[in-house]
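For reference, the structure discussed in these notes is given below.
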Number of protein chains: 2
Amino acid sequence: MGSIDDIDRRILAELQRDAGKSLESLGEVVGLSRNACWRRIKAMEDSGLIRSRVTLLDPVQLNLGLTVFMQIRTNAHAPDWLNAFSKATMGMPEILGVYRMTGDLDYLIRARVADMADYDRLYQALIRKVPLSDVSASFVMEEIKETTELPVLRRI
Amino acid sequence: MGSIDDIDRRILAELQRDAGKSLESLGEVVGLSRNACWRRIKAMEDSGLIRSRVTLLDPVQLNLGLTVFMQIRTNAHAPDWLNAFSKATMGMPEILGVYRMTGDLDYLIRARVADMADYDRLYQALIRKVPLSDVSASFVMEEIKETTELPVLRRI
DNA sequence: GGTGAAAACTAGTCGGC
DNA sequence: GCCGACTAGTTTTCACC
(Lines give C-alpha, C1' and ligand atoms only; values in the text may rest on other atoms or scores of the structure.)
Protein backbone atom coordinates (compact mmCIF):
# COMPACT_ATOMS: atom_id res chain seq x y z
CA MET A 1 0.00 0.00 0.00
CA GLY A 2 3.02 2.19 0.32
CA SER A 3 3.81 2.60 -3.34
CA ILE A 4 1.76 4.43 -5.92
CA ASP A 5 2.51 3.65 -9.53
CA ASP A 6 2.92 6.12 -12.35
CA ILE A 7 -0.54 5.62 -13.79
CA ASP A 8 -2.13 6.34 -10.43
CA ARG A 9 -0.01 9.46 -10.17
CA ARG A 10 -1.15 10.70 -13.54
CA ILE A 11 -4.76 10.07 -12.59
CA LEU A 12 -4.22 12.03 -9.38
CA ALA A 13 -2.54 14.86 -11.25
CA GLU A 14 -5.60 15.21 -13.46
CA LEU A 15 -8.10 14.92 -10.62
CA GLN A 16 -6.27 17.52 -8.59
CA ARG A 17 -6.73 20.02 -11.38
CA ASP A 18 -10.29 19.10 -12.23
CA ALA A 19 -12.38 16.77 -10.12
CA GLY A 20 -15.24 16.86 -12.61
CA LYS A 21 -13.39 15.09 -15.36
CA SER A 22 -15.23 12.19 -16.92
CA LEU A 23 -13.80 8.70 -16.69
CA GLU A 24 -13.68 8.57 -20.45
CA SER A 25 -11.38 11.56 -20.89
CA LEU A 26 -9.34 10.41 -17.92
CA GLY A 27 -8.83 7.04 -19.54
CA GLU A 28 -7.64 8.67 -22.74
CA VAL A 29 -5.08 10.78 -20.93
CA VAL A 30 -3.56 7.96 -18.92
CA GLY A 31 -4.02 5.30 -21.57
CA LEU A 32 -6.42 3.04 -19.72
CA SER A 33 -10.02 1.97 -20.16
CA ARG A 34 -12.72 3.90 -18.33
CA ASN A 35 -13.33 0.88 -16.22
CA ALA A 36 -9.74 0.39 -15.15
CA CYS A 37 -9.60 4.06 -14.24
CA TRP A 38 -12.70 3.75 -12.14
CA ARG A 39 -11.30 0.76 -10.26
CA ARG A 40 -8.07 2.62 -9.50
CA ILE A 41 -9.91 5.72 -8.32
CA LYS A 42 -12.18 3.65 -6.11
CA ALA A 43 -9.17 1.92 -4.58
CA MET A 44 -7.51 5.25 -3.89
CA GLU A 45 -10.68 6.57 -2.29
CA ASP A 46 -10.87 3.51 -0.07
CA SER A 47 -7.24 3.79 0.98
CA GLY A 48 -7.76 7.44 1.87
CA LEU A 49 -5.25 8.73 -0.65
CA ILE A 50 -8.11 10.58 -2.30
CA ARG A 51 -9.60 12.51 0.55
CA SER A 52 -12.44 14.52 -0.90
CA ARG A 53 -13.69 16.51 -3.82
CA VAL A 54 -14.39 20.11 -3.00
CA THR A 55 -15.42 23.31 -4.70
CA LEU A 56 -13.07 26.29 -4.62
CA LEU A 57 -14.60 29.76 -4.47
CA ASP A 58 -13.38 33.24 -5.29
CA PRO A 59 -12.48 34.93 -1.99
CA VAL A 60 -12.74 38.43 -3.45
CA GLN A 61 -16.37 38.00 -4.47
CA LEU A 62 -17.08 36.69 -0.99
CA ASN A 63 -15.55 39.85 0.43
CA LEU A 64 -12.58 37.98 1.86
CA GLY A 65 -9.88 39.76 -0.07
CA LEU A 66 -7.37 40.09 2.74
CA THR A 67 -5.21 37.18 3.84
CA VAL A 68 -3.54 37.53 7.21
CA PHE A 69 -0.96 35.44 9.01
CA MET A 70 -1.03 35.69 12.79
CA GLN A 71 2.01 34.62 14.73
CA ILE A 72 1.25 33.71 18.29
CA ARG A 73 3.67 33.31 21.15
CA THR A 74 2.39 31.77 24.32
CA ASN A 75 3.86 30.84 27.65
CA ALA A 76 0.92 28.63 28.51
CA HIS A 77 2.08 25.13 27.69
CA ALA A 78 -0.67 23.34 29.53
CA PRO A 79 -2.70 20.87 27.47
CA ASP A 80 -5.80 22.74 28.60
CA TRP A 81 -4.64 25.81 26.75
CA LEU A 82 -3.94 23.95 23.51
CA ASN A 83 -7.28 22.27 23.79
CA ALA A 84 -9.09 25.59 24.18
CA PHE A 85 -7.01 27.12 21.40
CA SER A 86 -7.80 24.26 19.02
CA LYS A 87 -11.47 24.38 19.79
CA ALA A 88 -11.64 28.15 19.37
CA THR A 89 -9.84 28.22 16.02
CA MET A 90 -11.81 25.24 14.74
CA GLY A 91 -15.00 27.14 15.36
CA MET A 92 -13.90 30.28 13.52
CA PRO A 93 -14.53 29.86 9.78
CA GLU A 94 -12.32 32.80 8.77
CA ILE A 95 -9.38 30.80 10.08
CA LEU A 96 -8.24 28.44 7.33
CA GLY A 97 -5.06 27.09 8.85
CA VAL A 98 -3.60 26.64 12.31
CA TYR A 99 -0.10 25.29 12.73
CA ARG A 100 2.03 24.49 15.74
CA MET A 101 5.52 25.42 14.71
CA THR A 102 8.97 24.24 15.67
CA GLY A 103 10.12 25.57 19.00
CA ASP A 104 6.86 24.67 20.70
CA LEU A 105 6.14 28.28 21.56
CA ASP A 106 4.88 29.54 18.24
CA TYR A 107 1.57 29.06 16.57
CA LEU A 108 0.82 30.31 13.11
CA ILE A 109 -2.68 31.13 11.92
CA ARG A 110 -3.69 31.66 8.30
CA ALA A 111 -6.99 33.49 7.92
CA ARG A 112 -9.06 35.37 5.35
CA VAL A 113 -10.97 38.52 6.19
CA ALA A 114 -12.58 41.44 4.38
CA ASP A 115 -10.27 44.21 5.54
CA MET A 116 -8.33 45.55 8.51
CA ALA A 117 -11.47 46.27 10.51
CA ASP A 118 -12.62 42.73 9.89
CA TYR A 119 -9.25 41.44 11.03
CA ASP A 120 -9.59 43.39 14.23
CA ARG A 121 -12.96 41.75 14.82
CA LEU A 122 -11.36 38.34 14.30
CA TYR A 123 -8.53 39.21 16.64
CA GLN A 124 -10.86 40.47 19.35
CA ALA A 125 -13.06 37.40 19.00
CA LEU A 126 -10.05 35.10 19.31
CA ILE A 127 -8.52 36.69 22.40
CA ARG A 128 -11.94 36.66 24.04
CA LYS A 129 -11.97 32.89 23.70
CA VAL A 130 -8.35 32.06 24.49
CA PRO A 131 -5.81 33.97 26.53
CA LEU A 132 -3.05 35.06 24.15
CA SER A 133 -0.06 36.93 25.42
CA ASP A 134 1.71 37.90 22.22
CA VAL A 135 0.10 38.16 18.79
CA SER A 136 1.61 39.76 15.72
CA ALA A 137 -0.09 39.99 12.33
CA SER A 138 1.35 40.13 8.83
CA PHE A 139 -0.89 40.94 5.90
CA VAL A 140 -0.66 39.61 2.39
CA MET A 141 -0.24 42.38 -0.18
CA GLU A 142 -0.11 40.07 -3.15
CA GLU A 143 -0.89 36.40 -3.61
CA ILE A 144 1.72 35.25 -6.04
CA LYS A 145 0.78 31.59 -5.81
CA GLU A 146 -1.97 29.64 -4.06
CA THR A 147 -2.82 26.09 -4.96
CA THR A 148 -4.28 22.92 -3.52
CA GLU A 149 -2.32 20.73 -5.93
CA LEU A 150 0.28 18.55 -4.29
CA PRO A 151 3.26 17.31 -6.29
CA VAL A 152 2.22 13.79 -7.30
CA LEU A 153 4.41 13.16 -10.29
CA ARG A 154 7.53 11.36 -9.30
CA ARG A 155 10.36 13.79 -8.80
CA ILE A 156 13.86 13.11 -10.04
CA MET B 1 -23.57 40.84 -9.07
CA GLY B 2 -22.36 42.24 -5.79
CA SER B 3 -24.78 40.49 -3.49
CA ILE B 4 -25.15 36.79 -2.86
CA ASP B 5 -28.39 35.68 -1.25
CA ASP B 6 -28.77 33.21 1.57
CA ILE B 7 -29.80 30.29 -0.63
CA ASP B 8 -26.72 30.74 -2.79
CA ARG B 9 -24.62 30.82 0.34
CA ARG B 10 -26.09 27.58 1.59
CA ILE B 11 -25.45 25.96 -1.77
CA LEU B 12 -21.85 27.17 -1.64
CA ALA B 13 -21.43 25.89 1.90
CA GLU B 14 -22.48 22.42 0.79
CA LEU B 15 -20.38 22.43 -2.36
CA GLN B 16 -17.32 23.54 -0.46
CA ARG B 17 -17.61 20.49 1.74
CA ASP B 18 -18.49 18.04 -1.00
CA ALA B 19 -18.33 18.91 -4.68
CA GLY B 20 -19.75 15.54 -5.65
CA LYS B 21 -23.13 16.16 -4.15
CA SER B 22 -26.05 15.54 -6.50
CA LEU B 23 -28.41 18.33 -7.45
CA GLU B 24 -31.21 16.33 -5.91
CA SER B 25 -29.74 16.15 -2.43
CA LEU B 26 -28.59 19.76 -2.74
CA GLY B 27 -32.13 20.81 -3.53
CA GLU B 28 -33.43 19.00 -0.47
CA VAL B 29 -30.94 20.73 1.81
CA VAL B 30 -31.61 24.25 0.57
CA GLY B 31 -35.31 23.70 -0.14
CA LEU B 32 -35.28 24.15 -3.90
CA SER B 33 -35.87 21.98 -6.95
CA ARG B 34 -32.88 20.33 -8.63
CA ASN B 35 -33.41 22.65 -11.54
CA ALA B 36 -33.36 25.88 -9.58
CA CYS B 37 -30.19 24.67 -7.88
CA TRP B 38 -28.59 23.90 -11.21
CA ARG B 39 -29.32 27.35 -12.61
CA ARG B 40 -27.93 29.05 -9.53
CA ILE B 41 -24.77 26.97 -9.65
CA LYS B 42 -24.36 27.66 -13.35
CA ALA B 43 -24.76 31.40 -12.73
CA MET B 44 -22.15 31.28 -9.98
CA GLU B 45 -19.77 29.38 -12.24
CA ASP B 46 -20.25 31.97 -14.97
CA SER B 47 -19.68 34.86 -12.60
CA GLY B 48 -16.49 33.23 -11.39
CA LEU B 49 -17.68 32.88 -7.80
CA ILE B 50 -17.33 29.13 -8.21
CA ARG B 51 -13.79 28.74 -9.42
CA SER B 52 -13.21 25.03 -9.79
CA ARG B 53 -13.83 21.59 -8.42
CA VAL B 54 -10.72 19.83 -7.29
CA THR B 55 -9.68 16.62 -5.58
CA LEU B 56 -7.85 16.83 -2.28
CA LEU B 57 -5.23 14.18 -1.54
CA ASP B 58 -3.58 12.88 1.60
CA PRO B 59 -0.13 14.49 1.84
CA VAL B 60 1.18 11.81 4.18
CA GLN B 61 0.52 8.98 1.73
CA LEU B 62 2.24 11.03 -0.94
CA ASN B 63 5.27 11.33 1.32
CA LEU B 64 4.74 15.05 1.84
CA GLY B 65 4.26 14.99 5.57
CA LEU B 66 6.30 18.07 6.41
CA THR B 67 4.93 21.56 5.91
CA VAL B 68 7.44 24.38 5.91
CA PHE B 69 7.06 28.14 5.90
CA MET B 70 9.97 30.05 4.41
CA GLN B 71 10.35 33.71 5.21
CA ILE B 72 12.39 35.61 2.69
CA ARG B 73 13.94 39.02 3.05
CA THR B 74 15.31 40.64 -0.02
CA ASN B 75 16.91 43.93 -0.86
CA ALA B 76 16.35 43.46 -4.57
CA HIS B 77 13.24 45.49 -5.32
CA ALA B 78 13.65 45.49 -9.06
CA PRO B 79 10.69 44.16 -11.04
CA ASP B 80 13.10 41.76 -12.72
CA TRP B 81 13.75 40.04 -9.44
CA LEU B 82 10.04 39.66 -8.60
CA ASN B 83 9.45 38.32 -12.07
CA ALA B 84 12.16 35.71 -11.73
CA PHE B 85 10.98 34.86 -8.23
CA SER B 86 7.39 34.39 -9.37
CA LYS B 87 8.40 32.25 -12.30
CA ALA B 88 10.67 30.08 -10.16
CA THR B 89 8.12 29.44 -7.42
CA MET B 90 5.35 28.83 -9.97
CA GLY B 91 7.40 26.05 -11.48
CA MET B 92 8.10 24.30 -8.20
CA PRO B 93 5.19 22.02 -7.33
CA GLU B 94 6.22 21.54 -3.70
CA ILE B 95 5.52 25.23 -3.20
CA LEU B 96 1.82 25.64 -2.52
CA GLY B 97 1.66 29.30 -1.59
CA VAL B 98 3.74 32.41 -2.21
CA TYR B 99 2.77 35.68 -0.60
CA ARG B 100 4.19 39.18 -0.73
CA MET B 101 3.72 40.55 2.74
CA THR B 102 3.26 43.98 4.17
CA GLY B 103 6.45 45.99 4.31
CA ASP B 104 7.41 45.08 0.74
CA LEU B 105 10.55 43.35 1.85
CA ASP B 106 9.14 40.07 3.05
CA TYR B 107 7.95 37.12 1.09
CA LEU B 108 6.37 34.08 2.67
CA ILE B 109 6.41 30.65 1.06
CA ARG B 110 4.25 27.71 2.12
CA ALA B 111 5.54 24.36 0.89
CA ARG B 112 5.16 20.63 1.49
CA VAL B 113 8.10 18.28 1.50
CA ALA B 114 8.92 14.77 2.68
CA ASP B 115 11.43 15.63 5.41
CA MET B 116 14.29 17.93 6.31
CA ALA B 117 16.56 16.55 3.62
CA ASP B 118 13.81 17.14 1.08
CA TYR B 119 13.43 20.69 2.34
CA ASP B 120 17.11 21.28 1.83
CA ARG B 121 16.76 20.12 -1.74
CA LEU B 122 13.90 22.56 -2.25
CA TYR B 123 15.91 25.34 -0.68
CA GLN B 124 18.97 24.63 -2.81
CA ALA B 125 16.85 24.44 -5.95
CA LEU B 126 15.22 27.76 -5.16
CA ILE B 127 18.37 29.74 -4.46
CA ARG B 128 19.88 28.33 -7.62
CA LYS B 129 17.09 29.96 -9.58
CA VAL B 130 16.73 33.24 -7.73
CA PRO B 131 19.25 35.19 -5.69
CA LEU B 132 17.98 35.23 -2.11
CA SER B 133 19.87 37.08 0.56
CA ASP B 134 18.02 36.04 3.69
CA VAL B 135 15.88 32.93 4.10
CA SER B 136 14.59 31.48 7.34
CA ALA B 137 12.47 28.38 7.65
CA SER B 138 9.88 27.35 10.22
CA PHE B 139 8.55 23.82 10.26
CA VAL B 140 5.05 22.69 11.16
CA MET B 141 5.05 20.24 14.04
CA GLU B 142 1.30 19.81 14.11
CA GLU B 143 -1.44 20.80 11.70
CA ILE B 144 -4.26 21.79 13.99
CA LYS B 145 -6.47 23.06 11.19
CA GLU B 146 -6.23 23.08 7.41
CA THR B 147 -9.22 23.74 5.23
CA THR B 148 -10.18 25.07 1.82
CA GLU B 149 -13.62 26.15 3.05
CA LEU B 150 -14.19 29.87 3.06
CA PRO B 151 -16.78 31.39 5.39
CA VAL B 152 -19.79 31.82 3.13
CA LEU B 153 -22.62 31.94 5.64
CA ARG B 154 -23.46 35.50 6.50
CA ARG B 155 -21.71 36.57 9.67
CA ILE B 156 -23.42 38.59 12.33
C1' DG C 1 -6.14 -5.36 -16.63
C1' DG C 2 -9.69 -5.25 -20.94
C1' DT C 3 -14.41 -5.47 -23.08
C1' DG C 4 -19.24 -4.94 -23.56
C1' DA C 5 -23.45 -4.13 -21.86
C1' DA C 6 -26.90 -3.56 -18.76
C1' DA C 7 -29.07 -0.53 -14.59
C1' DA C 8 -29.15 3.57 -12.05
C1' DC C 9 -28.34 8.03 -11.71
C1' DT C 10 -27.22 12.73 -13.23
C1' DA C 11 -26.81 16.78 -15.94
C1' DG C 12 -28.58 19.89 -19.07
C1' DT C 13 -32.57 21.71 -21.94
C1' DC C 14 -37.32 22.32 -22.93
C1' DG C 15 -42.06 24.66 -22.30
C1' DG C 16 -45.12 26.37 -18.83
C1' DC C 17 -46.37 28.76 -14.55
C1' DG D 1 -37.56 33.17 -10.64
C1' DC D 2 -39.48 28.42 -9.96
C1' DC D 3 -41.32 23.73 -11.36
C1' DG D 4 -42.06 19.09 -13.90
C1' DA D 5 -40.83 16.31 -17.68
C1' DC D 6 -37.90 14.80 -21.13
C1' DT D 7 -33.50 13.57 -23.36
C1' DA D 8 -28.81 12.61 -23.51
C1' DG D 9 -24.89 11.51 -21.13
C1' DT D 10 -22.55 9.57 -17.23
C1' DT D 11 -21.36 6.65 -13.48
C1' DT D 12 -21.46 2.16 -11.45
C1' DT D 13 -21.86 -2.67 -11.46
C1' DC D 14 -22.14 -6.90 -13.73
C1' DA D 15 -20.11 -11.30 -16.05
C1' DC D 16 -16.61 -12.79 -18.95
C1' DC D 17 -12.16 -12.72 -21.86
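Within every chain, numbering begins at 1; the chains are lettered A, B, ... in the order of the sequence lines, protein sequences first and strands thereafter.
- Of the candidates C:dG1, C:dG2, D:dC3, the closest approach to any side-chain atom of A:A36 belongs to C:dG2.
- Rounding to the nearest 0.5 Å gives a distance of 15.5 Å between SG of B:C37 and NZ of B:K42.
- Side-chain contact between A:T102 and B:M141 is present, with at least one heavy-atom pair separated by less than 4.5 Å.
- If you run side-chain hydrogen bond (donor to acceptor under 3.5 Å, both in side chains) between B:T67 and each of B:E142, B:R110, B:E143, only B:E143 comes through.
- The line from CD1 of B:I144 to CD1 of A:I95 is 10.5 Å long, rounded to the nearest 0.5 Å.
- Environment of CZ in A:R17: sparse, with no more than 12 heavy atoms of neighbouring residues, nucleotides or ligands closer than 6.0 Å.
- Distance B:D8 CG to D:dG1 C1': 12 Å, rounded to the nearest Å.
- B:E28 has its CD atom 17 Å from the P atom of D:dC2, to the nearest Å.
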**Sugar-phosphate or base contact per nucleotide [nucleotides 11-17 of chain D; S, B, -; heavy atom under 4.0 Å]** = SSBB---

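- Rounding to whole angstrom units, CD1 of residue B:I11 and C1' of D:dG1 are separated by 13 Å.
- Spacing of C1' atoms, D:dC17 relative to C:dA7, comes out at 22 Å, to the nearest Å.
- Each of A:F85, A:Y99, A:F69 was evaluated against A:Y107; a single residue qualifies, A:F85, per the ring pair (Phe, Tyr, Trp, His ring centres under 6.0 Å) test.
- Nearest to the side-chain atoms of A:L32 among the listed nucleotides D:dC3, C:dG2, D:dG1 stands C:dG2.
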